[in-house]
Number of protein chains: 2
Amino acid sequence: MPTIRDVAKHAGVAPITVSRVINNAEYVSQKTRARVQASIKELGYVPNMLGLSLRFKQTMTLALVITDITNPFWTTVARGVEDVAQSQGYSVILCNTDESEEKQEQYLNMLLRRRIDGILLVPACSSPKAVHMIQRQGIPLVILDRSIPDTEVDLVTADSEAGVYQLIQHLLSLGHMRITMLTGPKTVSTAVARANGYRRALADAGLPESSARIYWGSYTQEGGYQMTRQALQETPRPTALFAANNFVAVGMLQALREEGLRIPDDVAIATIDDIPSSPIIEPFVTTATQPAREMGQQATELLLGRVTGSLTDAIQHIVLPTKLTFRASSGQKAGS
Amino acid sequence: MPTIRDVAKHAGVAPITVSRVINNAEYVSQKTRARVQASIKELGYVPNMLGLSLRFKQTMTLALVITDITNPFWTTVARGVEDVAQSQGYSVILCNTDESEEKQEQYLNMLLRRRIDGILLVPACSSPKAVHMIQRQGIPLVILDRSIPDTEVDLVTADSEAGVYQLIQHLLSLGHMRITMLTGPKTVSTAVARANGYRRALADAGLPESSARIYWGSYTQEGGYQMTRQALQETPRPTALFAANNFVAVGMLQALREEGLRIPDDVAIATIDDIPSSPIIEPFVTTATQPAREMGQQATELLLGRVTGSLTDAIQHIVLPTKLTFRASSGQKAGS
DNA sequence: TGCTATTCTGGTATCGGTACCATGATATGC
DNA sequence: GCATATCATGGTACCGATACCAGAATAGCA
């Protein structure tokens, strides 16, 4: 692969002159410019970014560290990230941690060695260790979706606590008095926030704390299935179930189908984030949807602000509203 | 950010000695090793890969250039790619072309400047221009999913032609004589291959060429909707519709729902690749599914074989079988 | 013609690693 | 005690770009 020196030799000039031609700098005569351009074309020369990256300490690369790209929510976030990055000339390296702290640490170490310009991180756990490691190296960092306690870091989340609050209020207004919450692990901030939204809605409705029924599990289909099985054992049976994420909702629906329970007649349900729905039927489940693409875009814009230095304000916490959609699964007529 | 020279100075040794400690090379005394490791820790030193990349001309980076990560098929492919790459120490840069040749070219130029080690490409068009540009630079390249005519290049595809053939055979065996094919643009090889599978099945069943009804559109929901609207105008109306990809199928279902046509009683349907299906109902649509994750994995293994030089065989064309699933939408009982 | 201003071109150093070779220090064998 | 082998360490150069400064060529003007 030819270098700038090969081109220079071929054109009978100095490397720096070729550089000036490439970058459209002033002070290159028409004759020289044409000769150099001919040489570039003939040799198929492509400038090597690595030299520049080494010299000027910027790689024009960001990293997106998420739990799993096959979750449609993260897919959409990723698309938002890539769009904004691309529009400003940055590339995005994709990393899947599968919620494993070990995998996350491996990835982060690799990213630091690569001297990428900034990191978008969905933390696999609530420990601030990873954040401190990145901050110590002075790499701009934006945390996505989940917060980390007692940590000064830019953050972009959706207000799922409010989403849950409103949906629980909605269920209460439909007369449900026994609403059970199925959420994620206590180490994941969104799982805790959503449980809090649930508790707050009950309290504001004047219900005693003891009326709260919360199951802590994993944010997976299997977790949703297990928690639903347990929740249905309660006597009296809950009249409504709330799934704290879309995978939990899928497991919940599976368990309800196996039990032969009708929705919403036997049990009403609601959830956070849409579940995949077949185009042959009307979407069915009442949800509070997080604006995934917008989260990706805003997080990337914030990160690039830090990277380029155009943004020097204090730490930001951007909270985007969720979008409520009331459908048949909660017992309400669709569209209302 | 400290360099190897900073660490060397701090530990009172030469940079090369620090290098030896980092790489666990022989011939470093215990005492020196301990002192250097202490300095590394104290300074928070992280080696800079850029120096190595520049020197040894490898960046340990691959690129995945697809049309759109929000399509679940590509998402799954991407996951397969990332898994294999990660296991061998490579990172993956993600690029969405949105089927635009211009965007593709921009991305490829950027990737060449980055001196990435290899490219996985889903071509936005059937022109061999992009392939030639990459091959001229000597960058290993594997084409995914779509072939490019008259071009010598490694290729990983699914045998969707055979999948279509079998599904059409299946529809014929159920007595359908008027089957209409809704496919993608003529410039996309899979759209052509799937049309060919359709024609071959008709021919082998002894039907005249004139019995073929093929609509060429775009591989999108909108395309599927438009083509279905047109197809339903035919008299006599088709008794079965075949959608050449999952997005087309979604548009098709939408149009059929609007027309109030029942599946399979009024019209039978089948498609390539699963469409998202709600967990509240049984999966419904008869499909030939492409093994997306495996395609990503095999393509990446092939690519890394070329990158590392461990694979020097002739050009390969890996064709993976599709998986047939007969469900209710074709008029057959589920599971049979 | 001589002087200055402008245009054009190039030499050298640098970014952060490691390969290569050289050299000094210590251990081993007879 | 001396030759040789092994261990331990360091100096220099290089990968491919461009910044910085220097200097040469030309143009403009009195």
Side-chain angles (χ1 to χ4, degrees), chain A residues 1-37 39-40 43-61 89 109-117 137-139, chain B residues 1-37 39-40 43-61 109-110 112-117 137-139:
Chain A
M1 214 178 254
T3 73
I4 201 168
R5 268 166 263 269
D6 297 325
V7 176
K9 206 171 292 175
H10 187 270
V13 297
I16 185 77
T17 302
V18 179
S19 170
R20 280 192 264 254
V21 171
I22 295 166
N23 297 294
N24 273 313
E26 298 172 27
Y27 301 147
V28 180
S29 69
Q30 274 306 317
K31 224 174 84 184
T32 305
R33 187 180 296 273
R35 208 166 67 246
V36 169
Q37 274 163 343
S39 295
I40 288 174
L43 298 178
Y45 169 69
V46 178
N48 184 340
M49 251 184 74
L50 291 170
L52 288 172
S53 292
L54 182 59
R55 186 82 151 86
F56 298 105
K57 299 174 192 303
Q58 58 164 345
T59 50
M60 302 299 284
T61 309
N109 276 317
M110 182 270 288
L111 294 170
L112 291 180
R113 283 199 301 277
R114 282 180 184 275
R115 295 294 192 271
I116 56 161
D117 296 332
Q137 299 295 328
I139 310 271
Chain B
M1 215 177 258
T3 74
I4 202 167
R5 272 167 255 266
D6 297 326
V7 176
K9 206 172 290 175
H10 187 270
V13 296
I16 185 78
T17 302
V18 179
S19 170
R20 280 192 265 255
V21 170
I22 294 166
N23 298 293
N24 273 311
E26 298 172 30
Y27 302 148
V28 181
S29 69
Q30 276 305 316
K31 224 175 84 185
T32 306
R33 186 180 298 271
R35 207 166 68 245
V36 169
Q37 273 162 345
S39 296
I40 288 174
L43 299 179
Y45 169 68
V46 177
N48 183 339
M49 251 184 73
L50 291 170
L52 287 172
S53 292
L54 183 57
R55 185 82 149 85
F56 298 105
K57 300 176 192 300
Q58 57 164 346
T59 51
M60 301 300 284
T61 309
N109 277 317
M110 182 270 288
L112 292 179
R113 282 198 302 274
R114 279 178 188 276
R115 295 296 192 268
I116 57 162
D117 296 332
Q137 299 295 329
I139 310 271

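Everything numeric in this text was worked out from a predicted model, so none of it was measured. Reminder, nothing fancy here: chain letters follow the sequence lines and each chain counts from 1.
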Engineer: Which ones in residues 25-36 of chain A lie close to DNA chain C, meaning a heavy atom under 4.0 Å from one of its atoms?
Structural biologist: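 When residues 25-36 of chain A is checked for heavy atoms under 4.0 Å from DNA chain C, the hits, listed by number, are A:Y27, A:V28, A:S29, A:T32.
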Engineer: Atom CG of A:N24 and atom P of D:dT18: how far apart are they, to the nearest Å?
Structural biologist: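 Checked: the CG to P distance equals 12 Å.
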Engineer: What is the per-nucleotide protein-contact pattern of nucleotides 14-22 of chain C, from the 5' end, where B denotes a base atom under 4.0 Å from a protein heavy atom, S denotes such proximity for sugar-phosphate atoms only, and - denotes neither?
Structural biologist: BBBBBB---
Engineer: When you compare the protein's N or O atoms with those of nucleotides 22-28 of chain D, which come within less than 3.5 Å of each other, and at what distance?
Structural biologist:
none

Engineer: For side-chain contact (heavy atoms from CB on, under 4.5 Å), just list the numbers for B:N48 and A:R113, CA-CA rounded to whole Å, side-chain angles, deciding distance to a tenth of an Å, and then say yes or no.
Structural biologist: CA-CA 5 Å; B:N48 183 339; A:R113 283 199 301 277; over 6 Å; no
Engineer: Any sub-3.5 Å donor-acceptor pair from A:R115's side-chain atoms to B:P47's backbone N or O?
Structural biologist: yes
Engineer: Which whole-number value in Å describes the distance from A:M60 CE to D:dA17 P?
Structural biologist: 17 Å
Engineer: Could you check whether any side-chain heavy atom of A:V46 comes within less than 4.5 Å of a side-chain heavy atom of A:M1, counting everything from C-beta outward?
Structural biologist: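 Heavy-atom side-chain distance check fails, nothing below 4.5 Å.
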Engineer: Quick one, A:T59 and A:M49 - any side-chain contact, counting heavy atoms below 4.5 Å?
Structural biologist: no
Engineer: State, yes or no, whether a side-chain contact exists between A:I22 and A:I4 at a heavy-atom distance under 4.5 Å.
Structural biologist: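 Side chain of A:I22 against side chain of A:I4, heavy atoms only: contact under 4.5 Å found.
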Engineer: Could you walk me through whether A:R33 and A:N24 satisfy the side-chain contact (heavy atoms from CB on, under 4.5 Å) test, starting with their C-alpha distance in whole Å, then the side-chain angles of each, then the deciding distance to 0.1 Å, before giving a yes or no?
Structural biologist: CA-CA 9 Å; A:R33 187 180 296 273; A:N24 273 313; 3.6 Å; yes
Engineer: Could you tell me whether the side chain of B:D6 and the main chain of B:T3 form a donor-acceptor pair under 3.5 Å?
Structural biologist: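 The answer is yes, because a donor-acceptor pair under 3.5 Å joins these two groups.
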Engineer: Any donor and acceptor pair, going by atom type alone, linking the side chain of A:S19 with main-chain N or O of A:P15 inside 3.5 Å?
Structural biologist: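 Not confirmed, A:S19 side chain does not pair with A:P15 backbone.
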Engineer: Ignoring hydrogens and geometry beyond distance, is a side-chain donor-acceptor pair present between B:T61 and A:R114 at under 3.5 Å?
Structural biologist: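 Yes.
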Engineer: Can you tell me if the side-chain N/O atoms of A:T17 get under 4.0 Å from OP1 or OP2 in C:dT9?
Structural biologist: no
Engineer: Using modelled atom types and a 3.5 Å cut-off, is there a donor and acceptor pairing between side-chain atoms of B:D117 and backbone atoms of B:M60?
Structural biologist: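 Yes, because the side chain of B:D117 sits within donor-acceptor range (under 3.5 Å) of the backbone of B:M60.
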